[in-house]
**Student:** 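Quick one: the structure is below, questions incoming.
Side-chain atoms are counted along with the backbone in the values below, which use heavy atoms only and exclude waters and symmetry mates. Letters go in sequence order (proteins before strands), and every chain restarts at 1.
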Amino acid sequence: MNAPTDLRTLRTAVLDTSGRLAVAGAGTAAGWGGALEPVDAVLDTTGMRGVIAHNPGDMTVSVRAGTPLRELAAELAPHGQHVAFDAARVAGGATVGGLFATADAGPAALVHGSLRDLVIGVTLVLADGTVASSGGHVIKNVAGYDLAKLVHGSYGTLAVIAEVVLRLHPVPESTATLSVACTLPEAAELAAVVLGGPYEPAALEWAEGTLLIKVDGTERALPARVERLRAAVGGSTAEPDIWERHAALVRGADGRASIRVGVLPSRLPELLGALPRVSTTTAGLGTGVATVTVEPDAVAEAHRLVHEMGGTSALRARPAGTDAPAWGPPPSALGVLRAIKAELDPKGRFGPGRFAPWM
Amino acid sequence: MGLSYAVRREFEYTLSPQDVISDPVRCRAYECDGLTGYRVIPDLVLLPRTAEQVASAVRVCAEHGIPFVARGAGTGLSGGALPVADGVVISLARLKRVLEVDPVNRRAVVEPGVTNLEITKAAAPHGLYYAPDPSSQQVCTIGGNVAENSGGAHCLKYGFTTNHVLSVEVVLADGSVVTLGSDTGEQLGPDLRGTFLGSEGTLGITTKITVRLLRTPESVRTLLADFPSIAAAGDVVSDVVAAGIVPAAVEMMDTLAIEAAEEAVHAGYTVGVPAALVVELDGPTEECDVQFEQVKQICERHGCTRLHIAGSPEERAAIWRGRKAAFAAVGRISPDYFVQDGVVPRTRLAEVLDRIAGMGADAGLRVANVFHAGDGNLHPLVLYSAAAGETERAEKLSGEIAELCVEMGGSLSGEHGIGTDKACSMPKMFTEDDLAVMRRVRGAFDPRGLCNPGKVLPTPRLCGERPGKYKPHPLEESGVIERL
Amino acid sequence: MTTPAGSAETNLPQTGPSSFDERRPPEPELLADCVHCGFCLPTCPTYQLWGEEMDSPRGRIYLMDLASKGEIALDGPFTEHIDACLGCMACVTACPSGVQYDRLLESVRPQIERNVPREPGDALFRKAIFALFPYRRRLRLAALPGALYQRLRRIPAVSRMASKLPGRLAAMESLLPPVSVRDAFAGLPVHTPAAGQRRGRVALLSGCVQDVFFHRVNVATVRVLAAEGYDVLVPRGQQCCGALELHAGREDPALTRAKRTIADFEGLAAEYFVTNVAGCGSSMKEYGHLLADDPAWAERAAAFSAKVRDVHEVLAEGEPRASRHPVRGRVAYHDACHLGHAQKVRAQPRAVLRSIPGVELVDLPEAELCCGSAGIYNMIAPDAAAELGARKAENVRSVTPDVIVTANPGCLLQIGKHLGKDIPLLHPVQLLDASIRGVPIPRT
C-alpha cells in the first residue's frame, strides 16, 4: 500500500512501484465498473487531502484529489459557497478524485451537470511519472486540450488525479422540496408540466412512488414560487431529509446489483418498466438518468435493453461473489479509447479490468 | 508542389466536380479566416453536402496522406481554420440542416454548418433556446462552436458549448465515423465528447451535433449602468457576486469601446463615460425582481451616474446590439486594431486593466476594452494605424497583454482559441510535459497528424527552437526536480 | 518572442500594379474597412444558396482587394463572382464595421464593363435588356397582349439576341406581365392639386417599368399624395432614371440618364422629388456621389439628391390627414432591398401601413434576404433568382397574410411569379389609396 500525501509523493509512488496499480480513494465505489484484476500495488489517495487555494471572490477552489467532498463542503460553507454537486456517495466520504474518476452525479445534475461541468483544472500523474496539468483557476479557458474531461469517467485507468480545481456556486438562500405521491408514468406527466413551465426546478426525481421537486431561490421569492408549483402539480412540502433517503436508495442495498442507466427522458418510464427483476428505482425525469437495483443475474439483460433503446448503462455496485458484466455493448469510439489508453498508459499499469471486456 | 491532378479527380469523383474548388483565384478566398494576418492558399477547397461526403473526402485524404482543415463560417479569431499548404480545406457551409428539434426532451440535432442563432430560432416556437451565445452568434456555426468550445455573454451562469453539447458525430482522421457522448450526455468510459469539444478541429471533423435546449426564462431584466471609473464598475461586479447572485451576464465596456459601439449602432450608450456595465438577470419572475432590486442598489452604492433599465425587448436588444457590435465597430474609430482575448481571475480585473492602461500609455497606443466581467474574460483591442507604421508596436503590446493574463493566474484564451495565433505562446502557460501529454492525446485520435496540423500545439517548425518563457514546473515548485 | 494577436487588417502586400483602371477604382480605404468578421454571410443571398466564400460579400471584397493589389486579374473568376452579386446591399445593413460595399460594387462593376470583354452571348443579352427596359415606348409595345416576340424584334438589339439565343427571350418575357392597353398607354396629370390645405409640393418620378406595368401604382401615389395635402407635379418627357444601368455597371449611359433626370426636375418648384420605386430612389439619392467629380454637374446633382424622397418618407413625415377606412386583415410587408438596405427606409412604410385602421402588420421570416429580382438579375441569373424567389414565396406563405405589400416593381413581379395569384400583391400606397377612398382593395 502506498499512501502519498501530495503531488510529489504521488509521483514518487507511481515511479517507485512497478507493475500494475490500482487507485483507491475512500472506497465508496471500489466495486464500480469492471472487476479489478490482480494488481501489484494500490495507491491510496486519501492522504492527499486539503484545500490548496480557495479564492472566495473568484468562486474557485483547488484541492488535493483525496479530499472528501463533504470535508470540502464544510470548509466552503462559511463563505456561503459550495460545489453544486450531490452524488449519493458524498455522504459516505467519497473523495473529489474518486467522484470525478467515476463520473458520478446526483439530482443537481439537472441544472449543474456532473463534475465534468464543474472542474476547471486538473493535475495528473501518468503511469510513466509524467505530471501534466490542463485548465487552470479561471472559469473561462479554452487554451489547450481539456485533460480533465479525459479522466472524467476513466475509473483510474489513464492517470492518477492529483489535484482538481473546481468552480463554486453560491449556496442558495432558501430551498424547498415538494413531494407528490404518484406512479412513475404519472410522475413523467407531472415532470413535463414542471419542465414545460417557468418553475426552474433544481432537482426532479422520482423514487419509489414519490416525485420530488426541489426549488432553490431567495428567501423572499421562494415561498411564492413553491405555491405556484404546488398549484400546478399538487403535493406537499417535504422535510429536507427526504434527499438523504433518496441518496440511500441510490446507494443501493447489499446483495443487489446497482446500474446507472441513461436514455432520452421521454423513454425513461418505458425503459424502467421493461427492466427485469428491479427492486428499487430512482429516476431523474429531467435528465433521463436513473439508478436501479436489480438481481445480479439480470444485469446482462438490462444492458441489452438499454442499448436497444439507444441509452447508456454502467454497473455500479456489484455484489460480492457475482460476475455481473459492468458494461454493455461497446461505444462506437472504442478504437479511440484503446488508442488513448495505449498512448497514456502503454504498459497497461492503471486499473486493469475496469473496462473489461472492451480494453 | 501541390496536389496531383489525379488526386483532384478523385475528390471530384468522390463529391462532384461542382463541389471541388481548384481554381487558385477562388481558393484564395479561403486563405484566411477571421484572423487575416495569417494566410495560406489551400490546394483545393471541398464543399461536401452530406456527412457521408465528409467522411468520403477524409478517406481520400487519409489514403494519400493529405492534411485537411475543416472550416465553418470562417469567423474564428485565432487562425484555427488557416489552411495548410498542399492540403485541402473542407468547408461545412453546406451542411446546414436542422435535423430535429425535440421539444419533449429539450434537445436539437443539427448539422455543423447551422449557425448558433439558427438553433435558437428553430427552438423558439417551443419556448426553448440554445444557451451559449458568442457575439458572432448570427454567423458563427455550431461546428465551429464545438471546435472552439465557444462561450458567450451568458456563459457565467449557463456555461460553455461543452456544457450544452450532448453528443457529436465525428469523422476521424482515418475517415471512420464515431459518436462521442450520448443522448443524455452520460458517458461510457472517459469523456471523449468533452475531450473533443474545444480541440480546435485537430481531433476530427464534426458532422452532426446534439445540443441541449433550455426553457426560455420567464423573466429577463437588463440594465445598462454608467460609472465614473472602471474600478467602480468592477466593485459592482464583486458585490453582486458576493451577494450570492449569479447574473445571466455581466459585461463591461470602457470609454473607447462605448464610443465605437455607439457610433456603429446607436444603442443608447453614453459616449464619454469611463465605464459602462451591462447586467442581465433571468429566471422566475419573483427571483428576478428580488435580485434585480439588489443589483440596482449595488450600482447606486458605487456611484452609478446613469441607470438605464431596458423597458422592452427592443430596448434590451439595443443594449446587446451595442455590446455585440463593439469589436467590429472599433474599426470606426481606428484604421486598424488587434483583438486580444485573455482571462484573469475576476478579482484581479481592476489590477490588470490598470496595468494594460499603463502599458498602452508606454507604447503610445490606445487600448479599448470590452469584456465579460463576470468571468474575467478580457478583450483588449489595441488600436493602431498601419499606415503610420505602428503595426509592430501594436502587435507587441497585444502579445504582452496576453502574457500578462497568464502571469496573473489566468489564461491565454477565454474563447477565441489558440489556433495558429497563439500556438507558439503555449509554453508560457503549459510545461513541456503538459504539452507532451496533449500531443499524445492528439496522437491517439490522429496518429499521422493530418487533421488541422499546426494548430493549438507548438511545433519547432512553427515556432522555431526558441524555448518559451520560463514557467516553473509543478514539480519544481514542490521540489521534486530542478532546472538548470 | 511576442505573442501574436488577432489582426484586423488584411495586410495584403502590393505585388504589382492594380488590375483596375484609373477611373474610379475601389478606394483602398474602403477595402481596408472590412475586418473579415463574416457578419455579412448569413444575409447574403448567394452565400445562402451556394455556401461559397467567393460568393459572399466578405469574399468579394477580398477578391477586390487582391485585384487592387495586383494579385489577380479582372477577367475570369473575379468577374464571375462580382456578376453573381445581386447588389441587394443586405451586407451593408449587417456590417458592424460600416463597410460601404455599395460604393465598392458601384466602382467595380463599371471596371468590369470597361475592361472585361463579355462572351458574345452574354454581351448580346445584356445589350438587348438595356435596349428595352429603360424605354417606356418600347416597353409599351412589348407589353401589349399577344405576339410579344414579333414586337420585341422591332428593337434591333433584341432581334439580334433573339435570333442567336431564343431561349433567353423566355427569361425576359417572364419579367413582363400582361397589362391592359389602357394602362400601358395611360398618362398621369401634369399637375394634381392638394386636397384641402396644402402641405407642400412634390414632383413624382413616374418611372419606366413602373409606369408601363404598374401604372395603377402611380395613379394611387398621385391620389394619396394629393389627399395627404401635397400638390403633385409629374413632369412630362421624363425618362428612365438610369437605375438599372447603374446597378449593372453601365456607368456612362447611367450618368447620361442621371443628368437628364436632374435637368428635368431641378427647375421645378417642388420641395421633394418623390419616387415610389425603391431602385429608382436609391440611384437618384446617389447622383450627388456619382457626379461629384464632374465640375459641371457636382453641385446640381448634390442639390437634386438632397431632395429625393421615397414616397413613404414623405407620407410618414407628418400626421395622416385624409381619413382612412378600415382595412381588416394580415398585411405582410416585404422590405425591398433598395429601400430597406440601400436607403435604410424601413420604419416609414410600416408607419404608413399602421396608419390604416384594421391592418395587422406582419414581418416575414428571413426578411433581410433578397427575393431574387435585383434589377436585371433574374434575367441574367435565372436559376439563382428562381431559388430565391421560391424561398421568399415560402416565407410569405408561412405568415399566412391576406395581402402582401412591397415598394418595388421588380419585387412585385418576382414575388408574384413565385407566389401565384391567390394572395393579393400590392404596393403599400395602393392599400392606403383603397383605405382613403373606402373602396375594396385591388387584386393587383
**Student:** Can you say whether P217(B) sits under 4.5 Å from chain A via the side chain, the backbone, both, or neither, judging by heavy atoms?
**Tutor:**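 For P217(B), backbone and side chain are both near chain A.
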
**Student:** Between V263(A) and chain B, with a heavy-atom cut-off of 4.5 Å, which part of the residue counts as in contact: side chain, backbone, both or neither?
**Tutor:** backbone

**Student:** If we only count heavy atoms from C-beta on, is the D6(A) to M48(A) side-chain gap below 4.5 Å?
**Tutor:**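 In short, these two side chains do not touch, never coming nearer than 4.5 Å.
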
**Student:** Name the one of V178(B), L203(B), V165(B) that satisfies side chain to side chain contact (heavy atoms under 4.5 Å, CB included) with F196(B)?
**Tutor:**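 Testing each of V178(B), L203(B), V165(B) against F196(B), the sole residue satisfying side chain to side chain contact (heavy atoms under 4.5 Å, CB included) is L203(B).
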
**Student:** Taking every heavy-atom pair that is under 4.5 Å apart, which of S199(B), G409(B), S150(B) has the most such pairs with chain A?
**Tutor:** S199(B)

**Student:** May I ask you to check whether W32(A) and Y155(A) place their ring centres under 6.0 Å from each other?
**Tutor:**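 No; W32(A) has its ring centre 6.0 Å or more from that of Y155(A).
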
**Student:** Which bit of R338(A) is near chain B, if near means a heavy-atom gap under 4.5 Å: side chain, backbone, both or neither?
**Tutor:** neither

**Student:** What option among V456(B), I418(B), L188(B), D375(B) has the most heavy-atom pairs under 4.5 Å with chain A?
**Tutor:** L188(B)

**Student:** Answer whether the closest heavy-atom distance between the side chains of P330(A) and M359(A) falls below 4.5 Å.
**Tutor:**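 No. Closest side-chain heavy atoms not under 4.5 Å.
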
**Student:** Checking L457(B) against chain A: side chain, backbone, both or neither under 4.5 Å from a heavy atom?
**Tutor:**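 Just its side chain gets close to chain A.
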
**Student:** Less than 4.5 Å to any heavy atom of chain A: does that hold for the side chain of R346(B), its backbone, both, or neither?
**Tutor:** both

**Student:** Relative to chain B, which segment of I340(A) carries a heavy atom at a distance below 4.5 Å: side chain, backbone, both, or neither?
**Tutor:** both

**Student:** Can you tell which part of V170(B) gets under 4.5 Å to a heavy atom of chain A, answering side chain, backbone, both or neither?
**Tutor:** neither

**Student:** Please enumerate all residues that pass ring-ring contact (aromatic ring centres under 6.0 Å, His included) together with H82(A), with sequence neighbours excluded.
**Tutor:** none

**Student:** Is there a side-chain contact between E218(B) and Y199(A) in this structure, where contact means two heavy atoms from C-beta onward sitting under 4.5 Å apart?
**Tutor:**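 No, too far: nothing below the 4.5 Å cut-off.
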
**Student:** Quick one: which of H79(A), R167(A), K341(A) has the most heavy-atom pairs under 4.5 Å with chain B, could you say?
**Tutor:**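 Most heavy-atom pairs within the cutoff with chain B belong to R167(A).
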
**Student:** Taking the side chain as every heavy atom from C-beta outward, state whether T195(B) and Y145(A) have any pair of such atoms under 4.5 Å apart.
**Tutor:**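 Result no, sub-4.5 Å side-chain heavy-atom pair not found.
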
**Student:** Heavy-atom pairs under 4.5 Å with chain B - which of G197(A), G196(A), G310(A), A224(A) has more of them than the others?
**Tutor:**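 Result: the option with the highest number of such pairs is G196(A).
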
**Student:** So which of L344(A), L150(A), I139(A), V151(A) has the largest heavy-atom pair count under 4.5 angstrom toward chain B?
**Tutor:** L150(A)

**Student:** Under a plain distance cut-off of 3.5 Å, with no hydrogens placed, do D421(B) and S78(B) share a side-chain donor-acceptor pair?
**Tutor:**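 Looking only at side-chain atoms, D421(B) and S78(B) do not form any donor-acceptor pair under 3.5 Å.
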
**Student:** Among D58(A), V111(A), L334(A), which residue forms the greatest number of heavy-atom pairs with chain B at distances under 4.5 Å?
**Tutor:** D58(A)

**Student:** Does R260(A) use its side chain to pair, donor to acceptor, with the backbone of L315(A) at less than 3.5 Å?
**Tutor:** no

**Student:** Considering only heavy atoms and a distance below 4.5 Å, find which of G288(A), A333(A), G284(A), A342(A) pairs most often with chain B.
**Tutor:**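 Answer, by heavy-atom pair count under 4.5 Å with chain B: A333(A).
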
**Student:** Need one label for M438(B): side chain, backbone, both or neither, based on atoms under 4.5 Å from any heavy atom in chain A.
**Tutor:**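 Both the backbone and the side chain of M438(B) come within 4.5 Å of chain A.
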
**Student:** Given side chains that start at C-beta, do those of F371(B) and L349(B) come closer than 4.5 Å, heavy atoms only?
**Tutor:**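 F371(B) reaches L349(B) side chain to side chain.
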
**Student:** Out of G189(B), G244(B), G410(B), which one racks up the most heavy-atom pairs below 4.5 Å with chain A?
**Tutor:**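 That would be G189(B).
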
**Student:** Only pairs of heavy atoms separated by less than 4.5 Å count here; which of D117(A), D146(A), T157(A) has the most with chain B?
**Tutor:** D117(A)

**Student:** Taking salt bridge (charged side-chain N to carboxylate O under 4.0 Å, His left out) as the cut-off, I'd like each qualifying pair that reaches into residues 154-163 of chain B, sequence neighbours left out, listed once.
**Tutor:**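 Pairs touching residues 154-163 of chain B that pass the test: K157(B)-D282(B).
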
**Student:** At a 4.5 Å cut-off on heavy atoms, which part of D128(A) comes close to chain B: side chain, backbone, both, or neither?
**Tutor:** side chain

**Student:** Hey, does E200(A) have a side-chain heavy atom less than 4.5 Å from the side chain of R225(A)?
**Tutor:** yes

**Student:** With chain A as the partner, which of H372(B), E148(B), H416(B), R212(B) has the greatest number of non-hydrogen pairs under 4.5 Å?
**Tutor:**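 Most heavy-atom pairs within the cutoff with chain A belong to H372(B).
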
**Student:** Under a 4.5 Å heavy-atom cutoff, which of L156(B), T162(B), T202(B) has the most pairs with chain A?
**Tutor:**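 Answer, by heavy-atom pair count under 4.5 Å with chain A: T162(B).
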
**Student:** Among R193(B), R442(B), H126(B), R107(B), single out the residue with the greatest number of heavy-atom pairs under 4.5 Å to chain A.
**Tutor:**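 When all of R193(B), R442(B), H126(B), R107(B) are compared, R193(B) has the most.
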
**Student:** Can you find a side-chain donor-acceptor pair between H303(A) and S313(A) that sits under 3.5 Å?
**Tutor:** yes

**Student:** Pick one of side chain, backbone, both or neither for L124(A), based on which atoms fall under 4.5 Å of a heavy atom in chain B.
**Tutor:**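 The answer is neither part of L124(A).
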
**Student:** Check each atom of T218(A) against the heavy atoms of chain B and say whether the ones under 4.5 Å are side chain, backbone, both or neither.
**Tutor:**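 For T218(A), the contact with chain B is made by backbone and side chain together.
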
